Peer 1: 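Next up is a structure, given as structure tokens.
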Amino acid sequence: MRKKLMFSLSLALLLVLTFTAGSFAQEYTINAGIGLNDKSAQYKSLEYFKKLVEERSDGAIEVNLYHSSQLGDDREMMEALQMGTQQMTCPSTAPIAPFVNGFKVFDLPFLFPTHEAADYVLDGPVGQNLLKQLEDEGIVGLAYWENGYRQLTNSVTAVESPEDVEGLKIRTMENPMHLAAWEEMGANPTPMAFGELFSAMQQGVVDGQENPWGTIYLQNFYEVQDYTTNTGHVYSPFVLMISKQFYDKLPTDLQQTVKVAAVEAKHHNRRTNRAMNAEYLEELKDVMEVTILTPEQKAEFQEAVQPVYDQFKEEIGADLVESVQQQVEEFQAQQ
Ligand code: KDG
């Protein structure tokens with residue numbers, strides 16, 4: 001009798017344990033999509049994020065990764081986050097500007113002199129305040145990751161000065177300041193989603209584009225572009241973001257798990273991305289004609305795009321532009 005009771009109790013315990021474990025397993029699914037491919041630093045850091053979140057949530061959160069615009073372009077994915085049909089994405093700040101106007105500030109040309117100055121501003125009050133503003137749009141901004149300094153490529157000519165850019169058809173991200181900067185240099189810019197870019201270059205719809213070295217190499221742009229120049233005309237941050245609808249449904253401890261992992265993966269991302277950009281510039285020297293500008297030549301580009309500041313200062317908000325510039329100066333002074 002006693003044996004029978006013990007057996008029934010053990011069975012009941014087993015059932016309870018199985019049920020509880022089952023109910024914790026994979027309760028939430030994060031589908032995360034990006035435009036770059038699975039060799040990018042962005043994807044590698046998402047893999048790192050996935051590992052952290054799945055381990056620390058004991059499998060309660062499953063993270064599925066989609067690269068190469070499989071879930072859509074940056075704008076479409078942000079809209080999906082708003083609707084709650086996709087949970088996570090990581091666009092450049094440029095296509096975020098139509099959602100939160102203040103994000104325009106980071107795409108001003110030659111704003112950040114160094115990676116570290118960018119980190120200082122993005123991780124500081126101005127950057128964090130802009131992330132917060134995404135919440136009114138149904139999106140939670142988790143952390144700034146890094147796309148990096150953008151460099152020009154084209155299939156027509158070696159570019160050493162803004163005059164060489166004259167008349168080139170350049171694809172830009174969907175952002176008015178990127179368009180304006182290339183117009184100031186005399187190019188013929190056209191906005192386009194990232195997923196359409198390779199074939200547009202292949203078919204000669206555009207002559208060139210601009211992206212960090214890692215992207216130029218890993219997306220095989222050198223197959224359809226002969227020339228590249230280290231214009232470094234803009235530092236492009238990424239924002240790792242999650243659907244507010246989804247995030248609000250997570251219990252507080254799991255929200256914390258996601259948030260902490262996003263920030264840890266930010267460090268992984270900045271480190272990996274910087275190493276990759278340096279490494280792939282060297283690789284590109286074997287497959288493209290690489291022009292490295294002297295500081296004087298670079299200054300000519302900087303001067304050519306200066307009117308963009310006056311053109312957009314009011315639209316962005318003069319206070320915001322000035323506070324970013326002040327913080328950059330503050331950082332430089334501490335060095
Ligand atoms: O995954 C990020 C891409 O979708 C995109 O933001 C990359 O810099 C980019 C571009 O040129 O569109």
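Only a predicted model underlies this, so the values are computations on that prediction, with no experimental measurement involved.
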Peer 1: Would you check if the side chain of Thr85 reaches a backbone N or O of Leu81 as a donor-acceptor pair within less than 3.5 Å?
Peer 2: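 Here the side-chain-to-backbone pair does not exist.
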Peer 1: Quick check: closest heavy atoms across Asn277 and Pro212, and the distance to 0.1 Å?
Peer 2: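 Closest pair (atom of Asn277, atom of Pro212, distance): OD1-CB, 3.7 Å.
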Peer 1: How many angstroms lie between atom CD of Gln86 and atom CD1 of Ile30, to the nearest 0.5 angstrom?
Peer 2: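 Reported to 0.5 Å precision, the distance equals 11.5 Å.
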Peer 1: Which donor-acceptor pairs under 3.5 Å do side chains of residues 114-121 form with protein atoms, sequence neighbours excluded?
Peer 2:
{"unit_1": "Thr114", "atom_1": "OG1", "unit_2": "Ala117", "atom_2": "N", "d": "3.0"}
{"unit_1": "Asp119", "atom_1": "OD1", "unit_2": "Arg274", "atom_2": "NH2", "d": "2.8"}
{"unit_1": "Asp119", "atom_1": "OD2", "unit_2": "Arg274", "atom_2": "NH1", "d": "3.2"}
{"unit_1": "Asp119", "atom_1": "OD2", "unit_2": "Arg274", "atom_2": "NH2", "d": "3.4"}
{"unit_1": "Tyr120", "atom_1": "OH", "unit_2": "Glu330", "atom_2": "OE2", "d": "2.4"}
{"unit_1": "Tyr120", "atom_1": "OH", "unit_2": "Gln334", "atom_2": "NE2", "d": "3.3"}

Peer 1: Can you tell if the side chain of Leu65 reaches within under 4.5 Å of the side chain of Val63, non-hydrogen atoms only?
Peer 2: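 Sidechains of Val63 and Leu65: in contact.
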Peer 1: Side chain of Thr231, backbone of Leu152: donor and acceptor closer than 3.5 Å?
Peer 2: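 Yes, Thr231 side chain to Leu152 backbone: donor-acceptor pair under 3.5 Å.
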Peer 1: CG/Leu293 to CG/Asn230 distance, rounded to the nearest 0.5 angstrom?
Peer 2: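 One finds 4.5 Å between CG of Leu293 and CG of Asn230.
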Peer 1: Just jot down the ring-ring contact (aromatic ring centres under 6.0 Å, His included) partners of Tyr222, sequence neighbours excluded, or say none.
Peer 2: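 ring-ring contact (aromatic ring centres under 6.0 Å, His included) list for Tyr222, sorted by chain: Tyr217.
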Peer 1: Do NZ/NE/NH1/NH2 and the carboxylate oxygens of Lys50 and Glu62 come within less than 4.0 Å?
Peer 2: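 No salt bridge links Lys50 with Glu62.
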Peer 1: Classify the ring geometry between Tyr28 and Phe246 as parallel (under 30°), tilted (30 to 60°) or perpendicular (over 60°).
Peer 2: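 Perpendicular: the ring planes of Tyr28 and Phe246 meet at over 60°.
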Peer 1: For the backbone of Gln87 and the side chain of Ser243, can you confirm whether one donor and one acceptor N or O come within less than 3.5 Å of each other?
Peer 2: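 No, because the side chain of Ser243 does not come within donor-acceptor range (under 3.5 Å) of the backbone of Gln87.
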Peer 1: Would you indicate whether the side-chain heavy atoms of Glu322 and Gln325 approach each other to under 4.5 Å?
Peer 2: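 SC-SC contact between Gln325 and Glu322 confirmed.
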Peer 1: Do Asp123 and Lys266 sit within salt-bridge range, that is, some charged N less than 4.0 Å from a carboxylate O?
Peer 2: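 The answer is yes: the pair qualifies as a salt bridge.
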Peer 1: For His233, run the ring-ring contact (aromatic ring centres under 6.0 Å, His included) check against Phe112, Phe301, Tyr149, Trp182 and tell me which one passes.
Peer 2: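 It is Trp182; the other options fail the test.
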Peer 1: Could you walk me through whether Ser161 and Glu163 pass the side chain to side chain donor-acceptor pair (under 3.5 Å) test, one step at a time?
Peer 2: CA-CA 5 Å; Ser161 72; Glu163 287 80 64; 3.3 Å; yes
Peer 1: Contact between Phe198 and Val224 at the side-chain level, heavy atoms closer than 4.5 Å - yes or no?
Peer 2: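 Phe198 reaches Val224 side chain to side chain.
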Peer 1: Going by heavy atoms in the side chains, are Glu184 and Val308 under 4.5 Å from each other?
Peer 2: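 Yes - at least one pair of side-chain heavy atoms lies under 4.5 Å apart.
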Peer 1: Using only atom types and a distance under 3.5 Å, with no angle test, would you say the side chain of Glu300 pairs donor to acceptor with the backbone of Gln297?
Peer 2: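 No; judged by distance alone, with no hydrogens or angles, the pair does not exist.
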Peer 1: Do the side-chain N and O atoms of Gln151 and Thr228 include a donor-acceptor pair separated by under 3.5 angstrom?
Peer 2: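 Absent: no donor and acceptor within the cut-off.
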Peer 1: With a sphere of 6.0 Å drawn around CD of Glu303, does it hold more than 12 non-hydrogen atoms of other residues, nucleotides or ligands?
Peer 2: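 No, CD of Glu303 has 12 or fewer neighbouring heavy atoms, counting only those of other groups under 6.0 Å.
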Peer 1: Return the CD1 to CG distance between Ile216 and Leu281, rounded to the nearest 0.5 Å.
Peer 2: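 Going from the CD1 atom of Ile216 to the CG atom of Leu281 covers 9.0 Å.
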Peer 1: Nearest 0.5 Å, please: how far is CG in Asp107 from CZ in Phe312?
Peer 2: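 It comes to 11.0 Å.
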Peer 1: Would you say the side-chain atoms of Ser57 pair up with the backbone N or O of Ile61, donor to acceptor, closer than 3.5 Å?
Peer 2: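 Answer holds: yes.
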Peer 1: Between Asn147 and Ser92, is any side-chain donor less than 3.5 angstrom from a side-chain acceptor?
Peer 2: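 Indeed, the side chains of Asn147 and Ser92 share at least one donor-acceptor pair under 3.5 Å.
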Peer 1: Hey, is the main chain of Met201 close enough, under 3.5 Å, to the side chain of Arg171 for a donor-acceptor pair?
Peer 2: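 Such a contact is absent between Arg171 side chain and Met201 backbone.
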Peer 1: Taking C-beta and beyond as the side chain, do Met241 and Ile96 meet within less than 4.5 Å on heavy atoms?
Peer 2: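 Met241 vs Ile96: side chains touch.
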Peer 1: Would you say that Pro98 contacts Phe103 through its side chain, given a criterion of any heavy-atom pair below 4.5 Å between the two side chains?
Peer 2: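 They are not in side-chain contact.
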Peer 1: So, applying side chain to side chain donor-acceptor pair (under 3.5 Å) with Ser45, which one of Asn273, Thr272, Asn269 is it?
Peer 2: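 In the set Asn273, Thr272, Asn269, the residue that makes a side chain to side chain donor-acceptor pair (under 3.5 Å) with Ser45 is Asn269.
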Peer 1: Quick one: does any side-chain atom of Glu137 pair with a main-chain N or O of Gln133 as donor and acceptor, under 3.5 Å?
Peer 2: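 No, the answer is negative, given that no donor and acceptor are paired below the 3.5 Å cut-off.
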Peer 1: Within a strict 4.5 Å, meaning less than it, do heavy atoms of the Met276 and Leu218 side chains meet?
Peer 2: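 The answer is yes, as the side chains (C-beta and beyond) meet within the 4.5 Å cut-off.
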Peer 1: On a heavy-atom basis, which atom in Met185 and which in Val305 lie closest, and how many Å separate them?
Peer 2: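 The pair with the smallest heavy-atom distance is CE-CG1, 3.7 Å.
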Peer 1: Are any of the side-chain nitrogens in Lys104 or Glu315 under 4.0 Å away from the carboxylate oxygens of its partner?
Peer 2: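 Looking at Lys104 and Glu315, the cut-off is met.
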Peer 1: Do Lys51 and Glu54 meet the salt-bridge criterion of a basic N to acidic O distance under 4.0 Å?
Peer 2: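 A salt bridge is absent here (no side-chain N lies under 4.0 Å from a carboxylate O).
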Peer 1: Under a 4.0 Å threshold between the charged nitrogen and the carboxylate oxygen, would Glu210 count as salt-bridged to Arg150?
Peer 2: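 Yes.
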Peer 1: Give, for atom CZ of Phe49 and atom CH2 of Trp145, the distance between the pair rounded to the nearest 0.5 Å.
Peer 2: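 Output value for this atom pair is 7.0 Å.
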Peer 1: Check whether any side-chain heavy atom of Pro191 lies under 4.5 Å from a side-chain heavy atom of Leu179, and answer yes or no.
Peer 2: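 With C-beta onward as the side chain, the pair touches.
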Peer 1: Run Asn211 and Gln219 through side chain to side chain contact (heavy atoms under 4.5 Å, CB included) and show every step you take.
Peer 2: CA-CA 10 Å; Asn211 253 295; Gln219 300 280 152; over 6 Å; no
Peer 1: Spell out, as yes or no, whether a donor-acceptor pair under 3.5 Å connects the side chain of Thr89 to the backbone of Gly33.
Peer 2: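 Flag set: sc Thr89 to bb Gly33 pair under 3.5 Å.
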Peer 1: Which pair of non-hydrogen atoms, one from Cys90 and one from Phe238, has the smallest distance, and what is that distance?
Peer 2: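 Answer, listing the atom of Cys90 first, then Phe238: O-CD2, 3.4 Å.
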Peer 1: What is the minimum heavy-atom distance between Leu197 and Val206, and which atoms define it?
Peer 2: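 What the structure gives for the nearest pair is CD1-CG2, 4.4 Å.
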Peer 1: Any chance the side chains of Asp207 and Asn154 put a donor and an acceptor closer than 3.5 Å?
Peer 2: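 Absent: no donor and acceptor within the cut-off.
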Peer 1: Would Thr229 and Tyr227 satisfy side chain to side chain contact (heavy atoms under 4.5 Å, CB included), going step by step from the backbone distance to the final call?
Peer 2: CA-CA 7 Å; Thr229 301; Tyr227 306 97; 5.9 Å; no
Peer 1: Rounded to the nearest 0.5 Å, how far apart are CG of Asn175 and CE of Met173?
Peer 2: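 That separation rounds to 7.0 Å.
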Peer 1: For Leu52, does its backbone N or O pair with a side-chain atom of Glu55 as donor and acceptor, under 3.5 Å?
Peer 2: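 Side chain of Glu55 to backbone of Leu52: no pair is present.
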Peer 1: Listed by chain and number, what are the ring-ring contact (aromatic ring centres under 6.0 Å, His included) partners of Tyr48, not counting sequence neighbours?
Peer 2: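 Once residues adjacent in sequence are excluded, the partners of Tyr48 under the ring-ring contact (aromatic ring centres under 6.0 Å, His included) criterion are His268.
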Peer 1: Does Leu122 belong to the same Ile/Leu/Val/Met/Phe/Trp/Tyr cluster as Leu134, with side-chain heavy atoms less than 4.5 Å apart forming each link?
Peer 2: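 Yes, because Leu122 and Leu134 connect within a single hydrophobic cluster, where side-chain heavy atoms sit under 4.5 Å apart.
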Peer 1: Return the minimal non-hydrogen interatomic distance between Pro113 and Val328, and the atom names on each side.
Peer 2: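 Heavy-atom minimum between the residues: CD-CG1, 3.5 Å.
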Peer 1: Heavy atoms only: give me the nearest Glu196-Met192 pair and the separation to one decimal.
Peer 2: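 Answer, listing the atom of Glu196 first, then Met192: OE1-CG, 3.6 Å.
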